[in-house]
Amino acid sequence: MLSVRLICVGKLGEKFWKTACEEYSKRLSAYCKLEMIELPEQRLPDAPSEGQIQQALAKEAALIRAKIPAGAAVIALCVEGQMLSSEALAETLGAFTVSGTSRLALLIGGSCGLDEALKQEAKLRLSMSKMTFPHHLARVMVLEQLYRSLNILAGGKYHK
């Protein structure tokens with residue numbers, strides 16, 4: 001069975017985000033072994049310099065790297081990433097599994113995004129939109145699209 005680790009910077013605070021994540025986690029249990037990891041977001045001053053932001057991103061990247069399973073295909077969520085349809089994402093995930101990859105690590109950064117070096121190391125840089133979303137909502141959206149993709153691959157009827 002496919003093993004998916006969703007590594008997120010920042011904690012879900014509001015109950016409605018947690019409830020949505022729990023629902024998709026439950027649905028995903030039929031298709032994969034899902035593990036969600038929350039890492040602390042680095043604290044920054046109110047008006048951080050670019051250097052302070054880069055330093056914080058580098059610290060977060062080190063924490064993220066420590067949680068990426070050996071041999072996992074890394075998918076970094078970032079605004080400059082590739083935009084895929086649900087069908088194309090399903091095809092991409094299917095290609096990972098056909099090539100022998102049984103582990104995926106999906107990365108969602110905090111409010112400042114992900115470290116550039118970490119994005120460069122990813123097998124896929126994925127963008128959900130040109131619009132900006134709160135990283136809490138991005139987590140729910142990623143789980144929904146993961147569920148949709150795996151349902152497509154299984155020939156399910158969720159995707160219309």
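A quick note: this is a predicted structure, and the numbers were derived from the prediction, not measured. Hydrogens, waters and symmetry mates play no part in the numbers below; they use all other heavy atoms, side chains included.
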By side chain to side chain donor-acceptor pair (under 3.5 Å), Glu121 pairs with (sequence neighbours left out) Arg65

Quick one: does [X]'s side chain get under 4.5 Å of [Y]'s, heavy atoms only?
X      : Y      : result
Tyr31  : Leu153 : no
Asp115 : Ile64  : no
Leu63  : Pro40  : yes

Of all the heavy-atom pairs spanning [X] and [Y], show the shortest one and how long it is.
X      : Y      : value
Ser127 : Gly81  : CB-O, 3.4 Å
Cys112 : Leu44  : SG-CD1, 3.7 Å
Met1   : Ala30  : CE-O, 4.0 Å
Cys21  : Leu12  : SG-CD1, 3.7 Å
Leu2   : Thr101 : CD1-O, 4.3 Å
Ser111 : Glu41  : OG-OE2, 2.5 Å

Is a donor on one side and an acceptor on the other found under 3.5 Å between the side chain of [X] and the backbone of [Y]?
X      : Y      : answer
Arg5   : Lys67  : yes
Glu60  : Gly109 : no
Asn151 : Tyr158 : yes

When Val4, Leu104, Leu106 are each screened for side chain to side chain contact (heavy atoms under 4.5 Å, CB included) with Leu34, the one that passes is Val4

If you group Ile, Leu, Val, Met, Phe, Trp and Tyr by side-chain heavy-atom gaps below 4.5 Å, do [X] and [Y] land in one group?
X      : Y      : value
Met141 : Val79  : no
Leu93  : Leu6   : yes
Leu39  : Leu57  : no
Leu143 : Ile152 : no
Ile7   : Tyr24  : no

Between [atom1] on residue [X] and [atom2] on residue [Y], distance to nearest 0.5 Å:
X      : Y      : atom1 : atom2 : value
Tyr147 : Ser29  : OH    : OG    : 9.5 Å
Leu118 : Arg125 : CG    : CZ    : 11.0 Å
Ile37  : Leu107 : CD1   : CG    : 10.5 Å
Glu35  : Ser3   : CD    : OG    : 7.0 Å
Leu114 : His135 : CG    : NE2   : 11.0 Å
Leu77  : Ile108 : CG    : CD1   : 5.0 Å

Does a sphere of radius 6.0 Å around CZ in Arg103 hold more than 12 heavy atoms from other residues, nucleotides or ligands, not counting ones at 6.0 Å or beyond? no

Any chance CE of Met131 has more than 12 other-residue heavy atoms, nucleotides or ligands included, within less than 6.0 Å? no

Between Lys26 and Glu22, does any side-chain N to carboxylate O distance fall below 4.0 Å? no

Please say which of Glu91, His159, Glu144, Gln145 ends up in a side chain to side chain donor-acceptor pair (under 3.5 Å) with Ser86. Gln145

